[in-house]
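The structure appears right after this line, and notes come after that.
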Amino acid sequence: EETVQEQEAILESEDSIMNTPRDPAKILPYPCDQCENLLSTKEALYVHKLIHEELKKIPCNEKGCTEFFPNNKRFTKHLKVAHNIEKKNDNGMFHICDDCGKQCTTKAGLQDHIIKHSKEKKFGCLKCGKK
């Protein structure tokens with residue numbers, strides 16, 4: 001638990017950043033268990049925790065990803081940056097080829113497409129076996 005002096009230091013640093021006057025003698029006895037914020041009332045702490053919940057409203061469902069997002073805009077940006085998925089319209093998500101920009105509706109479709117950019121051939125001739 002922080003001392004009054006530590007709380008005053010926090011308030012002074014916030015005052016200099018936000019340029020708003022504060023009462024340095026004000027004690028903030030309600031710490032948030034999810035971040036470093038200290039709040040003055042139980043009600044303020046309750047509202048503050050609601051904000052944390054809202055920030056984790058939309059989960060990323062990509063395999064192995066545990067990120068959460070407060071809104072679709074941030075979620076869509078995450079999909080594009082972290083997973084190379086771009087939302088083009090309300091009907092679906094698209095996986096984008098880095099080489100040519102082709103949009104595929106599935107990750108497997110994109111993987112099949114990427115083979116076209118390599119020397120690797122997926123299928124062979126049934127008569128001679130050449131790929």
Side-chain angles (χ1 to χ4, degrees):
E1 189 169 71
E2 293 180 350
T3 66
V4 173
Q5 290 83 13
E6 290 171 330
Q7 289 181 358
E8 287 175 359
I10 291 170
L11 291 173
E12 286 175 9
S13 68
E14 289 177 355
D15 289 344
S16 64
I17 293 169
M18 299 177 71
N19 202 18
T20 57
R22 295 231 184 181
D23 179 4
K26 187 174 184 179
I27 296 175
L28 303 173
Y30 298 96
C32 175
D33 59 359
Q34 298 179 40
C35 70
E36 296 179 9
N37 279 350
L38 299 169
L39 297 117
S40 59
T41 65
K42 284 183 182 180
E43 293 78 17
L45 180 61
Y46 174 77
V47 170
H48 177 80
K49 285 187 175 189
L50 286 176
I51 293 168
H52 280 295
E53 288 177 23
E54 282 298 307
L55 292 176
K56 296 183 177 184
K57 193 164 57 170
I58 302 171
C60 179
N61 294 325
E62 288 297 303
K63 187 176 181 179
C65 188
T66 58
E67 300 274 338
F68 286 84
F69 303 91
N71 55 50
N72 278 323
K73 184 177 180 181
R74 287 192 184 170
F75 175 55
T76 301
K77 184 176 181 179
H78 165 78
L79 288 174
K80 184 175 183 178
V81 172
H83 304 294
N84 198 29
I85 300 171
E86 191 168 338
K87 185 173 184 177
K88 285 295 184 184
N89 57 39
D90 292 338
N91 295 332
M93 301 296 225
F94 295 97
H95 299 260
I96 310 299
C97 175
D98 289 333
D99 292 329
C100 68
K102 179 176 173 74
Q103 300 174 358
C104 300
T105 56
T106 65
K107 197 175 272 188
L110 177 62
Q111 290 168 345
D112 287 344
H113 165 78
I114 289 173
I115 292 172
K116 294 177 183 177
H117 295 294
S118 71
K119 301 282 184 197
E120 179 185 344
K121 302 296 179 193
K122 192 171 184 175
F123 301 102
C125 175
L126 296 175
K127 290 185 179 179
C128 68
K130 183 178 177 182
K131 289 186 177 185

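Positions are given from 1, in the same order as the sequence printed here.
Among all heavy-atom pairs drawn from L38 and P31, the shortest one is CD2-CB, 3.5 Å. In terms of heavy atoms, F75 sits closest to C60 at CE1-CA, 3.7 Å.
If you chain together ILVMFWY residues whose side-chain heavy atoms come under 4.5 Å of each other, I114 ends up grouped with L110.
Partners of K107 according to the side chain to side chain contact (heavy atoms under 4.5 Å, CB included) rule, which considers only residues two or more places apart in sequence or in another chain, are E62, H95, Q111. Residues passing the ring pair (Phe, Tyr, Trp, His ring centres under 6.0 Å) test with H83 are H78, sequence neighbours excluded.
Here the CG atom belonging to L79 is positioned 9.0 Å from the CG atom belonging to N61, to the nearest 0.5 angstrom. A distance of 6.0 Å separates SG of C104 from NE2 of H113, quoted to the nearest 0.5 Å.
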